[in-house]
Amino acid sequence: MSISQDSIIHVSKLVKRYSELLAIDHLSLEVRAGEIFGFLGPNGSGKTTTINCILQLLSYDKGEISLFGEEMTPTRYDLKRRIGIVPQEVAVYDELTVRENIDAFCALYVSNGKERKALVNEAIDFVGLGEFVNFRPRKLSGGLKRRLNIACGIAHKPELIFLDEPTVAVDPQSRNAILEGIERLNAEGATVVYTSHYMEEVEQICSRVLIMDSGREVAQGTVDELKAMIGMGERIRVECASLDDALLGAVQALPSVRSAAIKEGALVVECTSGSHNLTDVLGVLSSTSTAYGRVWSEPPTLNDVFLEITGKALRDEA
């Protein structure tokens, strides 16, 4: 796997073992400058282990890792200063205020007090914590703590940011604010590696996605490329007054239908790509004089991709 000129992260044939457990199995990936790169997989799939190896927080058995086009080692502090990390668990100091927390983390990278003050103020404004600068973390809601966690990780304006499940257990308003903030960071030039169990978030903000399972890559590409892998064009759901095997058989006989089932009083049909799928399904219902109510048609989701490739839904594993 050659390194492209715009590569920010390059991992080749990475192997990590814990005694008999193969935690990472010859994994290769590349993250390009300016991307929001989605990193998906159930708990225990190897995501966090991979990230810790990339950051040289863990040793590994085999493979090559480079950041910003240079070999990454445990002592490459020059490279580490260009990185921001927002862990899944909120990692702040309970005895410090919001402002003091952000300043303490920023001081790890920026020694000049005047410069740091400006960066801290900018980070506070960025995550919308201006009203809470003198609060201690225990006085903040879960969503505000998450925002503080992000501010501590990005105050020094890193070029590469790792965000591990930043929206876990937050309210919808805070989730939207966090996602919008990530997109703003990216628009300002940061490359982002984003892990989440929320597929809709990944679809919304990520330019490319890697799906892991059992330490191995199972799929990698843009969201559209991943959806194309499973051959499903759309899912059609029709509420019907009466459903029977004859109707189901007639729908299943349509050339574009991959599967059809009766679920909770509705006909659920998965189709390959085509411009007349909905018309064809409704045509069968009309030809059999089947009364129907509401109709939905939706494209495949990343959760459909994960379910088809791995045999399990990602969120079920959270």
Side-chain angles (χ1 to χ4, degrees), residues 9 16 18 21 23-24 36-60 74 80-81 83-109 120 123-124 126-129 132-133 135-156 158 160-182 185 190-202 205-206 210 212 215 314-318:
I9 301 174
K16 171 64 180 176
Y18 293 102
L21 174 65
I24 306 175
I36 301 180
F37 187 84
F39 207 12
L40 297 178
N43 290 339
S45 64
K47 301 190 307 297
T48 300
T49 301
T50 299
I51 290 172
N52 286 337
C53 288
I54 291 172
L55 296 171
Q56 297 292 328
L57 301 175
L58 275 179
S59 61
Y60 50 93
K80 292 183 179 185
R81 289 189 185 96
I83 300 170
I85 304 169
V86 181
Q88 180 175 348
E89 299 299 325
V90 175
V92 296
Y93 298 106
D94 290 333
E95 65 273 18
L96 300 182
T97 65
V98 164
R99 180 181 293 279
E100 290 167 343
N101 261 290
I102 300 170
D103 183 71
F105 282 94
C106 192
L108 298 173
Y109 305 90
V120 169
I124 289 168
F126 187 84
V127 297
L129 288 176
F132 307 96
V133 290
F135 283 47
R136 286 181 168 77
R138 65 177 175 274
K139 295 291 187 180
L140 301 177
S141 67
L144 293 177
K145 284 181 183 177
R146 289 281 173 189
R147 295 196 210 180
L148 173 58
N149 209 38
I150 291 171
C152 290
I154 59 93
H156 62 292
L160 172 62
I161 305 171
F162 288 85
L163 292 129
D164 189 5
E165 302 280 356
T167 63
V168 167
V170 302
D171 59 274
Q173 183 177 4
S174 290
R175 173 174 283 119
N176 290 336
I178 289 169
L179 294 177
E180 289 171 3
I182 293 168
L185 286 169
T191 300
V192 177
V193 176
Y194 186 79
T195 73
S196 178
H197 280 92
Y198 300 106
M199 293 291 200
E200 64 275 12
E201 293 181 2
V202 175
I205 69 172
C206 292
L210 182 146
M212 284 187 75
L314 178 60
R315 197 170 296 177
D316 292 343
E317 298 290 323

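Note that these values count all heavy atoms, side chains included, but never hydrogens, waters or copies made by symmetry. Only a predicted model underlies this, so the values are computations on that prediction, with no experimental measurement involved.
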Asks: Please check: side-chain N/O of H156 versus main-chain N/O of I83, any donor-acceptor pairing under 3.5 Å?
Replies: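 Side chain of H156 to backbone of I83, a donor-acceptor pair under 3.5 Å: yes, one is there.
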Asks: Does V192 form a side-chain contact (heavy atoms from CB on, under 4.5 Å) with I205? I'd like the steps, not just the answer.
Replies: CA-CA 10 Å; V192 177; I205 69 172; over 6 Å; no
Asks: According to the interplanar angle, ranging from 0 to 90°, do the rings of F39 and F37 count as parallel (below 30°), tilted (30 to 60°) or perpendicular (above 60°)?
Replies: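 F39 vs F37 ring planes: tilted.
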Asks: Return the minimal non-hydrogen interatomic distance between E95 and R136, and the atom names on each side.
Replies: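 Taking every non-hydrogen atom into account, O-NE, 3.0 Å.
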Asks: Measure the CG-OH distance between N52 and Y60 for me, rounded to the nearest 0.5 Å.
Replies: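 OH of Y60 is found 13.0 Å from CG of N52.
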Asks: How many angstroms lie between CG in N101 and CG in L129, if you round to the nearest 0.5 Å?
Replies: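 Rounded to the nearest 0.5 Å, the CG-CG separation comes out at 10.5 Å.
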Asks: Between N149 and E89, is any pair of side-chain heavy atoms under 4.5 Å apart?
Replies: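 Counting from C-beta outward, N149 and E89 never come under 4.5 Å.
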Asks: Nearest heavy-atom pair of L140 and F135: which atoms, and what distance?
Replies: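 Nearest heavy atoms, L140 then F135: CD2-CB, 3.9 Å.
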Asks: Is the closest side-chain heavy-atom distance between K80 and L55 below 4.5 Å?
Replies: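 No, every pair of side-chain atoms sits at 4.5 Å or beyond.
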Asks: Taking it one step at a time, do K16 and S59 satisfy side-chain contact (heavy atoms from CB on, under 4.5 Å)?
Replies: CA-CA 8 Å; K16 171 64 180 176; S59 61; 3.9 Å; yes
Asks: Please walk me through it: do V92 and K145 pass side-chain contact (heavy atoms from CB on, under 4.5 Å)?
Replies: CA-CA 9 Å; V92 296; K145 284 181 183 177; over 6 Å; no
Asks: Using a 4.5 Å cut-off on heavy atoms from C-beta on, say whether the side chain of P87 contacts that of D164.
Replies: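 Answer no - side chains too far apart.
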Asks: Measure across I178 and P166 and return the closest heavy-atom pair with its distance rounded to 0.1 Å.
Replies: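 It is CD1-O, 3.6 Å.
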Asks: If you measure from CD1 on I154 to CD1 on I102, what distance do you get to the nearest 0.5 Å?
Replies: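 If I round to the nearest 0.5 Å, the distance is 8.0 Å.
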Asks: Report the distance from atom CG of L185 to atom CG of L163, rounding to the nearest 0.5 Å.
Replies: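 L185 CG to L163 CG: 7.5 Å, rounded to 0.5 Å.
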Asks: Answer yes or no on whether R175 is positioned over the face of Y198, meaning its NZ or CZ is under 6.0 Å from the six-membered ring centre and within 45° of the axis.
Replies: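 Yes - R175 lies over the ring of Y198, closer than 6.0 Å to its centre and within 45° of its axis.
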Asks: Roughly how far apart are T49 OG1 and I24 CD1, rounded to 0.5 Å?
Replies: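 Output value for this atom pair is 5.5 Å.
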Asks: To the nearest 0.5 Å, tell me how far D94 CG sits from K139 NZ.
Replies: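 Taking CG in D94 and NZ in K139, the distance rounds to 12.5 Å.
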Asks: Verify, without hydrogens or angle tests, whether S45 (side chain) and P42 (backbone) share a donor-acceptor contact under 3.5 angstrom.
Replies: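 Side chain of S45 to backbone of P42, a donor-acceptor pair under 3.5 Å: yes, one is there.
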Asks: On a heavy-atom basis, which atom in Q56 and which in P74 lie closest, and how many Å separate them?
Replies: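 Closest pair (atom of Q56, atom of P74, distance): OE1-CD, 3.4 Å.
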Asks: How far apart are the C-alpha atoms of T167 and R146, what are their side-chain angles, what is the distance that settles it, and do they pass the side-chain contact (heavy atoms from CB on, under 4.5 Å) test?
Replies: CA-CA 7 Å; T167 63; R146 289 281 173 189; over 6 Å; no
Asks: Side chain of R81, backbone of P158: donor and acceptor closer than 3.5 Å?
Replies: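 No: the side chain of R81 does not pair with the backbone of P158.
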Asks: Can you see which heavy atom on K47 is nearest to which on L40, and at what distance?
Replies: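 Closest approach of K47 to L40, heavy atoms only: CD-C, 3.5 Å.
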Asks: Any heavy-atom pair between the side chains of E201 and Y194 that's under 4.5 Å?
Replies: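 Touching, per the 4.5 Å side-chain cut-off.
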Asks: For F132 and V98, work out which heavy atoms get closest and say how close.
Replies: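 The pair with the smallest heavy-atom distance is O-CG2, 3.2 Å.
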Asks: For E165, is there any backbone N or O sitting under 3.5 Å from a side-chain donor or acceptor partner on T195?
Replies: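 Yes, because the side chain of T195 sits within donor-acceptor range (under 3.5 Å) of the backbone of E165.
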